[in-house]
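The structure under discussion appears below in the form of C-alpha cells.
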Amino acid sequence: MTEKGKVWLAGAGPGDAGLLTVKTRQLLCEADVIVYDALVSEEILCQIPDHVERIYVGKRSGHHPVPQEEINAILLQEAQKGKRVLRLKGGDPFVFGRGGEELELLTAHQIPYEIVPGVTSASAVPAYAGIPVTHRDYTSSFHVITGHPRKGGKLQIDFDALVRLNGTLIFLMGITAMESICSGLLEAGMEPDMPATVLERGTTAAQRSVVSDVKHLPKEAKKAGIGMPAIIVVGKVCRLGEQFHWAEKRVLGGRQFLITRPRQHSSSLARKLRDLGAQVLELPAIRTKPVEPNPELTAALEQFGTSAESWLVFTSPIGVATFFEQLEKQAWDIRKLFRKQTELRIAAIGSATGQALRSFGLIADLVPDVYDAAHLGRSIAQNAKLGSEVLIVRAKDGSEALLPPLENAGLSVQDVALYETVCELHEALHDEIVNAVCSGEVDAVTFTSASTVHGFVQSMKLTDYTNIRAVCIGEQTAKEAERYGMQVQISDQATIDSLVEKLLLLYGKEERA
Ligand code: SAH
C-alpha cells in the first residue's frame, strides 16, 4: 500500500463501555489495527470485532511497560503500511496520557491524525461515586494533579499553592505516593479533617471507595487493600458522596456478566443488563455461517406441499432471517408456496421466532407452551393431520429432540440446514477473559443455546468448569452446561426477558420495587 494511513488518538473513558464516545465506538469497528493500553477495560475490548488487529502496549504483569519510543514507532510503522490505526487510551488521551508525545513522530513524518477526546477518570470516577468535582457551596475550582514522582522518586508538587487554591484536588497515579501526598498537604496547612477519598476502578462493576479525611486516608486505604487504578480526591465535596452515591445502588450495580450469544443477537440482552446497572462482557461464543448456495432448500420447497397439510417449521429468529435471505438470493418467490394445493401451516419454536416471522408478514399457527425442540415436536405431532409433510428449516446439527415425536406420528419429515454455527475462539482476549471468569469477577455466564456452551468451552479451554455459574435458557442448554460440571440455573421460560428475570432474582439488589 503506498497510500498513507491515518492515526486516531482516542480516549476510551474510564472503564464503563457506556462512556465511550460515539466517535470512538465507531472507530473500534472501522479501524484496521488498535494499539491499546492496560487501562482500556475488558468490557470495551470485547466490543472490538475479531477481524480488527490488536496490539497491546500496556504493562504486562511483572514486566515493564512498553517504552514510549517503541509505541511511537509502532504507530508510525502501522500508519506507513496504509492502515487506519486507532491508538486507544484509558480516559482522555491528553490527560496524563502522553498523547502529545505520540504525535511528535507522526507530525515529523506527516502522518495524518485526529484526536478524539475521551471521558477522563478525573471527573467521571468521582461522578460514579456521587461526588461532583465542583459545587457552589463548597468549591469554585478543581485541579487535576499527577501523583507520579519524576525521576529520582521525588514528587514535584507545590503543596502550598494547592492548599491556597482551596479547590477540589484530584490526584491521578497517586496510590503509591499517597502518604507523601497527604503529608505534603498537611504540612502546607490543610485542615487534618478535610474530607478525602480514594476511588478504585471507578465506573466498573468492581468500583470501591474509602472515605476518610486527609490525615487518616493513607492508613484507611491500606487497611482496605486499595489497588490500582485509583484516584485520590481531596475536598469538601467528598462528603457529598455519602448522600449522592448511586452506581452501586442500581439493581444490578456491582455485577458483571459474561454473555455468549452470537454478536448479532447479544446487544438486546447486553442492553437490558446494562440498563439495570450491570457490566457486561460480550463474548459471542458462536457465529452463524449461512449455507451458501443452498440448492437443497429451494429443491425442498419445490417438492413441498403435495399432501393435504404441510408444516413449515422454524426454530430460531436467525433461522427465519436466513431463510428469507436465501430465498432472496435465489430469487425464489414466496408466493409459490401458497399456490400449492395444500393447507400450509407454520410453526415456531418460541415467541422470539414467532416475532421474527411476523416481521416478514407471517403469523405462526403453532408455538409450543414450552419453547424447546422436544415440545415443538410433540406439539406439531398432536396438531398435524395424519400423513402431513413437515419441512424443518434450521441450523445444521439442530437438536435431535425435534425429530422422534414427528416420525413416531408417521409424518414425513425433511430437515434442511440453513446455516451452521461455528465457534468463535477470541484468541486475542483469551487470557483476560479466563482471568475475569476464574477470579470470580464475573458473577455469571449466560447461555442461550447448547451451541453457545460448546463454543464457550472451545474458547476457554479450561480443565475445570465447576466454579462457573451458568444461567441458561432451556433444559437442553442446561444439560450441556451440566456436562462440563458448571453450576447451573435455568430461566423459567426460554426467553431473554425470563433470563433477565432470573439474573435479577439471583443477583439483584433487594430494594427492587
Ligand atoms: N488519561 C487517563 C489518565 C491516565 S493516568 C484519564 O484521562 O483518565 C492513569 C491514572 O488514571 C491511574 O493511575 C488512575 O489514577 C487514573 N484512572 C484511570 N482510570 C481509572 C479508573 N477507572 N478508576 C480510578 N482511577 C482511574
Side-chain angles (χ1 to χ4, degrees), residues 8-21 24 35-45 57-59 61 65-66 68 71 86-103 115-131 133 142-150 155-157 168-182 196-211 217-218 221 224-234 238 241 245 247-248 253-254 256 279 281 432 436 441:
W8 281 262
L9 177 58
D16 180 346
L19 298 180
L20 274 174
T21 63
T24 301
V35 181
Y36 68 99
D37 289 335
L39 276 179
V40 178
S41 71
E42 281 140 17
E43 189 180 24
I44 289 168
L45 294 175
V57 293
K59 230 185 256 189
S61 51
V66 178
Q68 191 61 51
I71 300 176
L86 174 59
R87 171 67 178 117
L88 194 59
K89 290 166 170 288
D92 179 277
F94 277 179
V95 177
F96 303 126
R98 306 187 74 171
E101 291 159 65
E102 297 188 357
L103 299 180
I115 321 281
V116 188
V119 172
T120 179
S121 62
S123 56
V125 168
Y128 268 55
I131 300 173
V133 291
F142 71 100
H143 310 274
V144 183
I145 307 125
T146 171
H148 190 69
R150 297 291 293 204
L155 282 177
Q156 304 237 311
I157 301 175
T168 304
L169 305 178
I170 297 157
F171 294 90
L172 269 56
M173 298 180 279
I175 299 309
T176 322
M178 192 179 324
E179 286 231 35
S180 321
I181 291 171
C182 291
T197 179
V198 52
L199 307 169
E200 182 196 60
R201 301 177 73 181
T203 80
T204 72
Q207 77 171 38
R208 284 202 302 158
S209 63
V210 170
V211 186
L217 189 68
I226 289 288
M228 284 192 260
I231 68 170
I232 301 164
V233 185
V234 179
C238 291
H245 74 103
E248 299 87 351
Q256 178 163 228
Q279 192 174 337
L281 300 179
E432 281 105 328
E441 266 179 35

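In what follows, residues are counted from 1 in the order of the sequence shown. Start at 1 and go down the list; that is how both ligands and their atoms are numbered. Note: hydrogens, waters and symmetry copies are ignored here, and every other heavy atom, side chains too, is used.
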Do [X] and ligand 1 have an N or O pair less than 3.5 Å apart?
| X | result |
| --- | --- |
| Val95 | yes |
| Pro14 | yes |
| Ala230 | yes |
| Phe96 | no |
| Thr203 | no |
| Gly202 | yes |

Counting only heavy atoms, which portion of Lys89 has something under 4.0 Å from ligand 1: side chain, backbone, both, or neither?
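The answer is neither; Lys89 stays 4.0 Å or more away.
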Applying a 4.0 Å heavy-atom criterion (strictly less than), which segment of Ser121 is in contact with ligand 1: side chain, backbone, both, or neither?
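The part of Ser121 near ligand 1 is both the backbone and the side chain.
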Contact with ligand 1 for Gly15, non-hydrogen, under 4.0 angstrom
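Judged by the 4.0 Å heavy-atom criterion, Gly15 does not count as contacting ligand 1.
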Atom 9 (C) of ligand 1: which of Ile175, Leu39, Asp37 has the nearest heavy atom?
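The residue whose heavy atom sits nearest atom 9 (C) of ligand 1 is Leu39.
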Out of Gln207, Met173, His148, who gets a non-hydrogen atom closest to atom 12 (C) of ligand 1?
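That would be Met173.
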With heavy-atom distances below 4.5 Å as the criterion, would you say the side chains of [X] and [Y] are in contact?
| X | Y | answer |
| --- | --- | --- |
| Val57 | Arg87 | yes |
| Val211 | Thr197 | yes |
| Leu19 | Tyr128 | yes |
| Tyr36 | Ile44 | no |
| Phe142 | Val233 | no |
| Gln256 | Thr204 | no |

From [X] atom [atom1] to [Y] atom [atom2], the distance as rounded to the nearest 0.5 Å:
| X | Y | atom1 | atom2 | result |
| --- | --- | --- | --- | --- |
| Lys89 | Phe96 | NZ | CZ | 13.0 Å |
| Leu172 | Thr120 | CG | OG1 | 6.0 Å |
| Ile157 | Ile145 | CD1 | CD1 | 6.5 Å |

Apply the side-chain hydrogen bond (donor to acceptor under 3.5 Å, both in side chains) test between Gln207 and each candidate in Glu200, Arg201, Glu248; give the one that qualifies.
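For Gln207, the side-chain hydrogen bond (donor to acceptor under 3.5 Å, both in side chains) check succeeds only for Glu248.
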Shortest protein heavy-atom distance from atom 2 (C) of ligand 1, along with the residue and atom involved
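Nearest neighbour among protein heavy atoms for atom 2 (C) of ligand 1, to 0.1 Å: Gly90 O, 3.3 Å.
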Around atom 25 (N) of ligand 1, find the nearest protein heavy atom and jot down its residue, atom name and distance.
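Here the closest protein heavy atom is Ile231 CG2, 3.3 Å.
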State the atoms of ligand 1, each with its element, that fall below the 4.0 Å cut-off from a heavy-atom position in [X].
| X | value |
| --- | --- |
| Leu199 | 24 (C) |
| Arg201 | 22 (N), 23 (N), 24 (C) |
| Val125 | 21 (C), 23 (N), 24 (C) |
| Gly91 | 2 (C), 6 (C), 7 (O), 8 (O) |

Looking at Gly147 and Leu155, what are the two nearest heavy atoms and their distance?
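Scanning both residues completely, I find the closest heavy atoms to be O-CD2, 3.4 Å.
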